Structure formats: structure tokens, C-alpha cells
There are 2 protein chains.
Amino acid sequence: MTKKPKLETVASEAGVSVATVSQVMRGTGRISEKTRKKVLRIAQKLNYVKDGRAASMRSGENKEIGLAIHHISNPFNAEVISGASDLLEDEGYLLSTLDARDNATRQRRQLEAFIRSSRGGLIWVPAQGTPTSTYDLLQTHGLPAVTFLRRPDVGLLDHVGIEDSDATAVATNYLVSLGHRHIAFLGGIASVAPRSERIAGYRSALIESGIKDSIVWDTEDNRHAGMDAMFELNKAHPEVTAVVCNGDMVALGASLAILQLDRVPGRDISVIGFDDIEEAAISMPRLTTMAVCPYQLGRKLARVMLDRIQDPGLPKTVTLVPATLKIRESTGTLKAYNT
Amino acid sequence: MTKKPKLETVASEAGVSVATVSQVMRGTGRISEKTRKKVLRIAQKLNYVKDGRAASMRSGENKEIGLAIHHISNPFNAEVISGASDLLEDEGYLLSTLDARDNATRQRRQLEAFIRSSRGGLIWVPAQGTPTSTYDLLQTHGLPAVTFLRRPDVGLLDHVGIEDSDATAVATNYLVSLGHRHIAFLGGIASVAPRSERIAGYRSALIESGIKDSIVWDTEDNRHAGMDAMFELNKAHPEVTAVVCNGDMVALGASLAILQLDRVPGRDISVIGFDDIEEAAISMPRLTTMAVCPYQLGRKLARVMLDRIQDPGLPKTVTLVPATLKIRESTGTLKAYNT
DNA sequence: ATCAATTGCTATAACGTTATACCATGGGTT
DNA sequence: AACCCATGGTATAACGTTATAGCAATTGAT
């Protein structure tokens, strides 16, 4: 294996200076067509790839941007990543993903590594219990950052999220319109955004309809936990005939629990999800949900990130995308015997 | 926002030289306890984080390693990532993930970016149709690399995979032992490893049992595609009473299709998966599958990567982990009227 | 023939680390 | 006093790029 080629290697082989080679590689400066061709040919022959560390150090540019999120396996998140990645790649950036599994300490370490390598930007969902010192860290190092889904109290960063409160209110109102009176909110742990806002939407819808009973039940946002939680919820509150879920994965888990209790989602107990992941349209029964288009959300995220990189002086922006009710079979009118 | 602090900033504040600060930060050299404490205190105060680009450039070390995979949203892959990430973090490395969505061109671009930034190492699943030039690229630049799941023909890299052929034979034999005679293989596209090996295992098991009928049906490896494919398969080959799937996601999709045909997986048609993702244990019906522990697989992968980094001269290794049959409800004996 | 402008290229100083070599100083031993 | 040898530091040259300034030629206008 020959030594890794650098500018100098190419330059001496081509009989020109490193400056010339550098300019050829970047397509800048005034270079005759003849030497340009020659340098390119030799660079290709030697398999030359520039050292991005040196380049980025000198030029201050870095086309690698990071995305730090909890639970990449969540299909919603995965689609967001696809959307962001597609748009960024079109602009010559590279998106790499970190999964902190919602652990603030782990996330801190990961963000430090990002700062260490002076990444071009960061899109992130703050992990649960993120201390303000982490926001400070980003601030002092001037890393262009956009938060996603969870909006921190310190509003120093750009943010892209969902109209959580409105959407959850719409979902709740829909269940009320079907005749349900005992409606629970299921999913999420602690009161991190956006869960707290969703609960607010849920509560305000109930109050508007003159329903006093409000039941909020904690779970981690995955299928298994959602299933277990639904069992518990049903045991503790058998009167509940409808649940608004904090995400489709929880809703799918809840549906599973209902089926295992020999009831049918949408007939005996109504379930409404949030996200509209691909599986929602093919599950049994098919899931009624508050749909947001995660792919488009990802693109929006990338757009905000690019704008921030291009002009760090811009005022901070907050973008909230709406969610729309998608009615399928997991919801239905309240049966007579349940009233 | 203050300027980004560097060694010099810390040094002048502490009244020492940059060399001293550098040594303190790395815990090398001879430094008195007194100045050590002082420097550390000031570095902390200034939120100093070293520039990894400069450090890595000078020292030749890089503690960032990359994982390039198709479809991070696949729960199996996600668990592998967790396992690898945990072990690597313990050793002070950072793992970031790239999703090429099984596109060779996209993957090529991503790997080039990795070489540009001289990452410490690469764990990857070669995308479908990866040209040999991509392997060459890794070779010429000496990037320590480990392939995963899909073993390239050019055996120049370390590899960690699954005993695909054996496992699929075990699955097929189990179905035969339940009385099934018309068994199909469902999932995967084209003949990339490990699918071709799985098909080999499936075929050899059939031949051993004296069954001539072998049906291989293509699908992308996700739930939706699996469902659609099962519909088609059933239409084309209504005689099939059992399917061996190329992954749990396909198997879950197939189960869904069977249910929608008003049949029951495990009673009318047997379904057997591969991977044993978390959902397999809670789906309806619960999925019989060839279980591998993806988390442990991830750790193994990280271990191989670290060994390779530590000693690039080591002979290349190939590790194949076994899969074990986990019997649940999606498989059952052949009913009389089906023979 | 003179001056100005353009073309094509090069020399060189950064960027922020780390590795190496080196230099004081202050004991202990003879 | 002369020596050795720790101890606790510092100065400085890399690492591989890019940005800037500048220098010969060549061309074109007068």
C-alpha cells in the first residue's frame, strides 16, 4: 500500500506548485485548461482525496452536519432523517446521526465530540433532562444548531416542531364528537415538551366540552411499553373508552393490548395516534392518527439549518407544522352499553 | 458570544505555555499538581474544547468511527447500533451513523466523506451493487473497515455476520417436521449476501427432505412490502402452507396479509421470521423466528473494529454468529385438508 | 515604443494542535 | 566544589490544506 497522497505528491508529479493543484481541485483561480487537465488526470491516477481536516481548519468550512436524536429506530424519526439527509446532500452536505437514547450525559459527550471536530451544524432533539450548561456549550462554540420536536425553555436556537397543542385538541374533540366521555391521554414520560403541550391541548379540549375527567398515563414511547401501559390503564380505569396517544408506536401497542383483552380497537375502545408512520395505514385495525409528514418535516429542518449556516446573524426562527386528522378504523362511535 | 477558546487562550489566562496546557489536557508529560489543577480550572471556566481536527491531524489519531448501513429504522439494525455504540463509547470512541438507503452511489459519497475527514474506522453493510472500486478506495486510504451482514466477494476486510445458511436450514426443517410440504422463501431482492446463503440453506433443507418444490419470492425487507408480497405469493401459489422469511419485518407483513385473507398465521399458514426483533414477541400472533441477539452482534462488531484499529497488521477475521430457533405461535402443524 | 491590463502561476503565512528537543533549577552524592 | 539526575516547565517544527499577495509574461491600446 503506497503512502497516502497529498497535494504535494500530486504537485511534484505534475511539475507544478501545491497552490496550483489546490486551485484546480477547488475550481478557483486562473488556471490554463492544459495544466488543469493534467493535474486532474494525475490526481485521479494517484487516488488523491483531500484531507478534510486540514481544509476545514484553514477555510473554516465544514460540510458535515450532525443529527442527534433519541431512538433512531422509531420509524417517524427515521423518515425525518431521510428528508433532512436528502435536502442536505443536494447542497453538498453530509448528515450523520447520533443516537443518545434520550440520555443527557451521553448526549453531552456526543455534542462535545461534534464541537471538537467543528462540525458545520447540528440538528438535535434535546435529551430528557438536558442541563442549561449544554446549551451554553453550543452557544460559546458558536455551533449552528436547530432544535427539533422538543423546544428548550432557553429560546436561543432555531426550532422546528409540530403544532402539538392544536393537534391534540383536534384529536380529543374528534373522540368527543364520537360520543366518548372518558378519554385518556397515553404516552410519554415526565413533562418534557412536546408532551406537556399535547397534554395541554388534550385538557383544554376536554374542558371546552365540559368534561371534567382527565386521565394522563405515562409510558415510554414504544410499542411494548404502550401495550403494557394500556393493560394497566384499562385495569385502573375500566370506564375509559378512548385514548389519545403520544405517538403511533404507543397507539399500536395500545391496540395490541386491546385485542389481547378480546376487545376491538374502534369498536370497544377507540385509539388515536400521532405521527402517521407508514405502519399506521396497514396495521390491524388501521390506525386513526394525527398525521404530519415526517419526510417534509426533515426537509424543513434541513432548510432552517442551511439558512442558519449561511447567515449566522439572522434572527432565530420557530417553525411549527400542523398535523391533520386522518380517520381510519381504530376509532368509532361510543356504543350504547358504554354510556 | 465570546471567541472560541483555544490552547493559547487558556495558556495566557493561566500564565503558562501552550505546550503545558496541551500536556495537562492529555495527562502526559511532567506537570506539577499545582499548575495542573490551575490549568484544568481555567479550561473548564472558558468552556475549552480542543479542536479535534488539529489534534487528529498532528497526532494521526481519530476517535470517531462511522457506521454505514441501509435503513437505520429497521429495529434489528437499531439494536446492533446500540450494541456497537455502547462498547465503543466505553473505549472513548464515538459512533456516528450514515444511512445510504441501500444506494451504492450515495454510499460511495458517504465513504469518501469519511476518508476526507480521516475517520478512525468504518463499520458497514455494503450497499447493493457496490462496485469493487469502492473497496479499492478503502484499501488505498488504509481506512480500518469491517463489513457486516453482507460479505463482499473480495475478502480483504474483516467481517461479522450470521450463520445464514445453517439457520435457514433449521427453520425450513422445522416447518418440514410440522408436516409442511409446500414451503416458500419470502423476502430480499437480488442475490446479495446474505440472502443467497439463506436461500441455499432453504434449498438444501428441502432437498434433504426429498421435497422438490422450491419457491423463492422477492420483496424489499419491510412490513409493507412483505404484506404485498404475501398477497401475491398466495395468489400465485395457493398451495403454499408455510413461508420462511428473510427477516422479521417481512414475516410481520406476511402475517398481516394472512390475517387480511381471513386466515390465521400458525393455523392456516405458518410463518417463520429471522432476527427476533422485540416486536416478534408481542405481535399477534407472536412470531416464530430464528433469533440472533442484535445487541451482542453490535458489541462483537465493535470489538473486531477496535482490534483492527489497534493492530492493522493482524490477519483478517471472519466471525459468524449462530441463530437459534425460537418457537412461538406463528407456526403450527399442517392441517389435514391442506395436504 | 510605451503603458496598462490580463493571464497563469508561485511563495508563503496562517489554521490549532502535538511531539520533540531543550533549558533552567534544585536537590542529593561524592 | 563538582557532579549527576530528577523535576517542571518552554520553544518550535511539523500535520495538509487554503487565502492572499505578488511576480513574470503576454496581449492590447495608444
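Just so we're clear, the structure is a prediction, and the values are computed from it rather than from any experiment. Convention: sequence-line order gives letters A, B, ...; per-chain numbering from 1.
Between the CE atom in B:M25 and the CZ atom in B:R36 there is a gap of 10.5 Å [rounded to 0.5 Å]. Note that CG of B:L94 is 11.0 Å distant from CD of A:E112, once rounded to the nearest 0.5 Å. Note: B:M305 CE to B:L88 CG = 8.5 Å, rounded to the nearest 0.5 Å. In this structure, CD in B:Q107 is found 7.0 Å from CD in B:Q110, a value given to the nearest 0.5 Å. Residue B:D51 holds its CG atom at 9.5 Å from NE2 of A:H141, rounded to the nearest 0.5 Å. Between the CD1 atom in A:I309 and the OH atom in A:Y93 there is a gap of 4.5 Å [rounded to 0.5 Å].
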Which dot-bracket string describes DNA chain D (Watson-Crick N1-N3 plus N6-O4 or O6-N4, or G-U N1-O2 and O6-N3, all under 3.5 Å; [ ] crossing; | other strand)? ||||||||||||||||||||||||||||||
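For A:Q23 and D:dA21, the CD to P distance is 14 Å, given to the nearest whole Å. Look at NZ on B:K38: it is 9 Å from P on D:dG9, rounded to the nearest Å.
Within the structure, every pair that satisfies the side-chain hydrogen bond (donor to acceptor under 3.5 Å, both in side chains) test and touches residues 7-18 of chain A, not counting sequence neighbours, is listed here: A:E13-A:K45, A:S17-A:T20.
When DNA chain C is scanned in the 5' to 3' direction for atoms under 4.0 Å from non-hydrogen atoms of chain B, the outermost contacting nucleotides are C:dG16 to C:dA19.
Nearest-nucleotide positions on DNA chain C place A:R36 closer to the 5' end than the other of B:M25 and A:R36. Residue A:A54 is the one, among A:A54 and A:S59, whose nearest nucleotide of DNA chain D lies closer to the 5' end (criterion: closest heavy atom). The 5' end of DNA chain D is approached more closely, in terms of each residue's nearest nucleotide, by B:V18 than by the other of B:M57 and B:V18.
Note on A:A19: a base of the nucleic acid sits closer than 4.0 angstrom, heavy atoms only. If you check every strand for non-hydrogen atoms under 4.0 Å, B:T20 touches a base. Heavy atoms of B:T35 sit under 4.0 angstrom from primed sugar atoms or phosphate atoms, though from no base atom. B:S32 comes within 4.0 angstrom of sugar-phosphate atoms only, judged by non-hydrogen atoms across all strands, and of no base. Using a 4.0 Å heavy-atom distance criterion, B:L7 is classed as a base contact.
The minimum heavy-atom distance between A:P315 and A:R308, with the atom names listed, is O-NH2, 3.3 Å.
Summarising the local packing, CD of A:E220 is surrounded by 12 or fewer heavy atoms from other residues, nucleotides or ligands at distances under 6.0 Å.
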